[in-house]
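Values below: every heavy atom of this structure, side chains too, minus hydrogens, waters and symmetry copies.
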Amino acid sequence: MTKKKTGKGRKNPKRGLKPSSAIFELRLYIADHEINSRKAVELVQKFCSRYLKDNYSLTIIDVFQDYQSALRDNVLVAPTLIWLKKDTPAFLMGRFEWSDLLDFFGLSEATGGEK
Amino acid sequence: MKKKPKKLEKIPTYINGLDNILEGGLPKNRATLVLGSPGTGKTNLALEFLYRGASDNEPGIFLGFEETKESLKQNALSFGGDLDALEKNNKLFIIEGRLNPETLVSGKFSLKPLLSIISHKAQEMKAKRLVIDALDVLLQLLEEPFAVRSELHYLNHWLSQQGLTTILTLKPREDGSRLQDFFMSMADCAIVLDARVLNQVTTRRLRVIKYRGSSFGRNEYPFIITDKGLQTIPITSIELKHKPFSSRFSTGIPRLDRLLDGGIYRSSCTLIAGEPGTGKTLLTTTIIQEACRRGEKAVYVSFEESDQAIINNVRSAGLELEPYVKSGRLHFITAMPEATGAEEHLLNLMEAVEKVKPQHVVIDAISACARMGGTQAAYEYLMRALNLLKEKGITIILVNQTSGSREQLELSGIGISSMIDTVIFLSYVHGEGETNRTIQVLKSRGSAHSNQIRECIISNKGIEIIDAYVGEAGVLTGTARKVQEVRDRLTQLRQEALLKSKELELARVKAVMEAEMKRLQAEIENLTTELKTLKMEQEISQEECRKRQLIREYEKNPQASSAAKRRK
C-alpha cells in the first residue's frame, strides 16, 4: 500500500534521497495498520496541509509492501518520517506528536498556520 | 556417553572448537543469544558464523546497529574472510542499522520495517542464517520498558516463523537486566563471552549458559581471535582416551635407562625438576638428541632461552643439535610467556605439532607458564596441552625449575601431578668446598625403578651417572664421596689385617701347644724306659743274689745241695 499525497510535485520514491523541486519532500514509512502508523499518517497529513500548504510532496510507504524502499532509505523502524532536505535527509522516528513535527521543521506555533 | 537428541537439529558454526562445546552447533532455526561486554568478540563470533555458513552455501543476513559495513569487512578480513565476494554472489547481505545522526527520535516505534526487510531479503536469497548485532542500541531509544517488551515479543514471534538460525548479540547492562532476561528467555541457546585481564595478559573466555534440549560443555573455555578466526580448544570436551604405555625408548644415558627400568615409556609424561643449573635442560636435550638420532622428531617449547642459546649451551657438553634443527627433526618454539595469552601459546604449540608431527614435545619450563597470566592460565595451558599431546600419543617432557629445599618442594608445580608419569629430580649436594649434582627418579608409573640417589657428572662427554656413596655417613658425592670411599677401604684393610694376625697368633699358640705336648710325650717315654730299665736291673741283681746263695750253700754241703737240686 503506497499512498501518495502531493501538494505540488509528485516524486517516485525509488529515485532515492534527492531533493525535488518541491520545497518539502517528505516520505513517511509506516508498518501496515499498526495504531501508531495510522496516527502518524493522520498527524502528518494534518500538519502538512496546515503548515506546508501546497509546498510539499508526501509519499507514504508501507514497509510490508515495499521493503526495498525502506532498505534503500535505511528505515528500520516505523513510523519514520524523512525530510529530503537539500544536503542531508532528516529523520524523525517514533510516535511523534505535533510539537515534534514543529521542532523537526524548525517551526513554532507563532510562525505556523495561525497566520 | 553423549546422547544425540533426535528432535533438535543443529547447524554447525564451523568455528574452531565451538561446535565441540555446543555438541554439534547452534539450534537450527532458533535464536542464540551471545552476551558480552564491548570488545569481547561478539560481533566477530557472529560474523564468522555467517561467513563460514555463507561459504558453505548457507546464505546469511547481518543486521548491525553499531558497526559500519566497512568496519565489518575489515573485521572479516582479519580472519581471511572476503565479504565482498559473498555479497556479490548474493550469499551475504549486510544491513547497516546505525541511525542517521540527523535522526530525531520520539517515543515508541515498531521494528516491523526491519523485520519486513529481513523476511523479504531472506526469501529472495534463500538465507539460512541471521545475525542481529547490538539490537540493544536501538532498543535503548525505546524509553518505555513496556514498549521494549512488546517489540521483543513481536520479534520473538517473528523469529520463530522465519526458518533462520539466528544469533542475537547483546551487551550486558547493569540497568538493563530486564532486557537481558527477556532476550535470555527468547533464546534457546545462550553464550557468554568475556575478556579478563589477569596479570597484564588478556584472556578471552566463552561459556555456554543455556541450551534448550541439548547437553553442552558447561565450563568456561578460553578462546582467541586469530588470523584464522575464533579459536577455542575445549578442555573438558577432550575425553581421556590416552593410550596405555607399551614400549620404552632410551634416554641416551645407559645408567639412567637402568634407573628407569629400561627407559622412558612412549606417550608418557616425564617431569624433569630441579634448581637452576642442575642440568635440567642438558638432560632434556640429551634425551631429545638421542630421539633425533633414532630418526624421531621433536618440538621444543622454550620459554626461557632462545633456541640458539640452548644449542650453544649444550654444545659444551658434547651435544650437537644444530644438524637436527636443519633437517627438521627438531623444531624450536621460543616465546616469552607474557608475550601472548595462554590460548595463543597453546595454539602455537598445537600448530607446530600438526606441522612437524613429532614423537616428543618438550615444555621448558612449566614454571615460566605462570607468566602467561597467572597460575590458572598456566594450569589450563598445561592441562590442555598435555591432554592433546597424550591423545596423539606424543611423549612429553616437562622441565620445571624449583627453588628451596626438597622437602617443601611442590614437584609438579602447577597442580598437574596427576598427568605426570615419571619424575626425575635433579639436585645439588653441598659438600666440603664443592657442590655436586645428584639425580633421582622419584616416580615412575608402570615400572620398577631405583629410588636411590645417584651422582650426576657433567663433562664434555655429556651426562654421566655414577653410584653415589650411600653409607653410614649419609649420601656423599664428589670429593667427599671419594674421601669416604678411601676411608672405608682403609678401615676394611685394617680389619682384615687384624683378623689375619689373630689367626696367626692362634696358629702359633696351637703350634706351641703341640710342641710342648710332643716334648712331654718324649719325657714320658724316657721316664717309662728308665723305669723299665731299673726294674730289669733290679730283677737281674736279685737273680744274682739268689745264684750266689745257692753257690754258697753248695760249697757248704754239696750233697745236700745236689740232693736238694735233684729233688727240685
Side-chain angles (χ1 to χ4, degrees), chain A residues 1-2 13 17 26-40 43-44 47 60-107, chain B residues 61-66 68-69 87 90 93-125 127 130 132-144 146-148 150-155 158 161-162:
Chain A
M1 174 184 76
T2 306
L17 297 165
L26 306 173
R27 265 173 220 163
L28 178 61
Y29 281 91
I30 56 163
D32 206 9
H33 298 295
E34 208 184 47
I35 182 149
N36 285 323
S37 290
R38 286 210 316 271
K39 278 186 179 165
L43 191 70
V44 170
F47 184 89
I60 294 167
I61 302 162
D62 183 347
V63 291
F64 286 100
Q65 305 294 319
D66 182 4
Y67 78 96
Q68 274 151 333
S69 296
L71 188 57
R72 191 201 50 230
D73 285 348
N74 208 21
V75 171
L76 302 178
V77 302
T80 297
L81 180 66
I82 308 177
W83 173 20
L84 301 168
K85 291 199 280 192
K86 272 181 201 140
D87 35 7
T88 47
F91 289 73
L92 176 63
M93 57 183 255
R95 189 179 51 191
F96 44 79
E97 288 174 18
W98 195 260
S99 57
D100 298 318
L101 285 170
L102 283 170
D103 285 347
F104 186 59
F105 288 103
L107 301 168
Chain B
I61 295 172
F62 189 97
L63 169 61
F65 292 93
E66 269 182 339
T68 63
K69 223 175 190 176
E87 249 187 327
N90 216 19
F93 189 71
I94 300 173
I95 305 168
E96 263 186 57
R98 285 171 12 111
L99 289 181
N100 189 308
E102 295 279 310
T103 304
L104 259 166
V105 182
S106 165
K108 197 182 163 195
F109 51 81
S110 93
L111 302 175
K112 282 170 187 162
L114 76 88
L115 302 183
S116 167
I117 291 172
I118 294 168
S119 346
H120 282 100
K121 200 70 204 171
Q123 265 171 27
E124 188 191 302
M125 59 192 284
L130 168 68
I132 302 180
D133 189 26
L135 185 61
D136 49 315
V137 171
L138 185 66
L139 293 176
Q140 270 172 36
L141 303 171
L142 271 176
E143 284 139 8
E144 308 156 46
F146 177 75
V148 174
S150 80
E151 282 315 307
L152 284 174
H153 269 297
Y154 184 78
L155 173 67
W158 176 86
Q161 297 178 323
Q162 295 305 307

A.B. asks: Name the region of B/Leu111, side chain, backbone, both or neither, that has any atom closer than 4.5 Å to a heavy atom of chain A.
C.D. replies: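 The answer is both parts of B/Leu111.
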
A.B. asks: Using non-hydrogen atoms and a 4.5 Å limit, figure out which bit of B/Ile118 sits close to chain A: side chain, backbone, both or neither.
C.D. replies: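 B/Ile118 has no heavy atom closer than 4.5 Å to chain A.
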
A.B. asks: Can you measure from CD1 (B/Ile94) to CD1 (B/Ile61) and round to the nearest 0.5 angstrom?
C.D. replies: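 CD1 of B/Ile61 is found 11.0 Å from CD1 of B/Ile94.
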
A.B. asks: Select one option (side chain, backbone, both, neither) describing which atoms of B/Leu142 are under 4.5 Å from chain A's heavy atoms.
C.D. replies: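 For B/Leu142, no heavy atom lies under 4.5 Å from chain A.
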
A.B. asks: Do A/Phe96 and A/Asp103 come within less than 4.5 Å of each other through their side chains, counting heavy atoms only?
C.D. replies: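 Not touching, per the 4.5 Å side-chain cut-off.
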
A.B. asks: Between B/Ser116, B/Pro113, B/Gly97, B/Ser119, which shows the greatest number of heavy-atom pairs under 4.5 Å with chain A?
C.D. replies: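 It is B/Pro113.
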
A.B. asks: Keeping A/Tyr29 on the side-chain end and A/Ile82 on the backbone end, is there a donor-acceptor pair under 3.5 Å?
C.D. replies: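 No: the side chain of A/Tyr29 does not pair with the backbone of A/Ile82.
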
A.B. asks: Which atoms of B/Leu115 are under 4.5 Å from chain A, going by heavy atoms: the side chain, the backbone, both sets, or neither?
C.D. replies: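 For B/Leu115, there is no contact with chain A at all, as no heavy atom is under 4.5 Å.
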
A.B. asks: With respect to chain B, which residue among A/Leu81, A/Asp100, A/Thr88, A/Val63 yields the maximal number of heavy-atom pairs within a distance under 4.5 Å?
C.D. replies: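 Winner by heavy-atom pair count: A/Val63.
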
A.B. asks: Are any of the side-chain heavy atoms of A/Val75 and A/Phe91 separated by less than 4.5 Å?
C.D. replies: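 Heavy-atom side-chain distance check passes, below 4.5 Å.
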
A.B. asks: So among A/Thr80, A/Val44, A/Ile60, A/Asn36, which one has a side chain to side chain contact (heavy atoms under 4.5 Å, CB included) with A/Ile30?
C.D. replies: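 Filter result, single survivor: A/Ile60.
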
A.B. asks: Taking 4.0 angstrom as the limit, do A/Asp32 and B/Lys112 come out as a salt bridge?
C.D. replies: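 A salt bridge is absent here (no side-chain N lies under 4.0 Å from a carboxylate O).
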
A.B. asks: Based on non-hydrogen pairs under 4.5 Å, which of B/Leu104, B/Val105, B/Leu114 is most in contact with chain A?
C.D. replies: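 Counting heavy-atom pairs under 4.5 Å, the top option is B/Leu104.
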
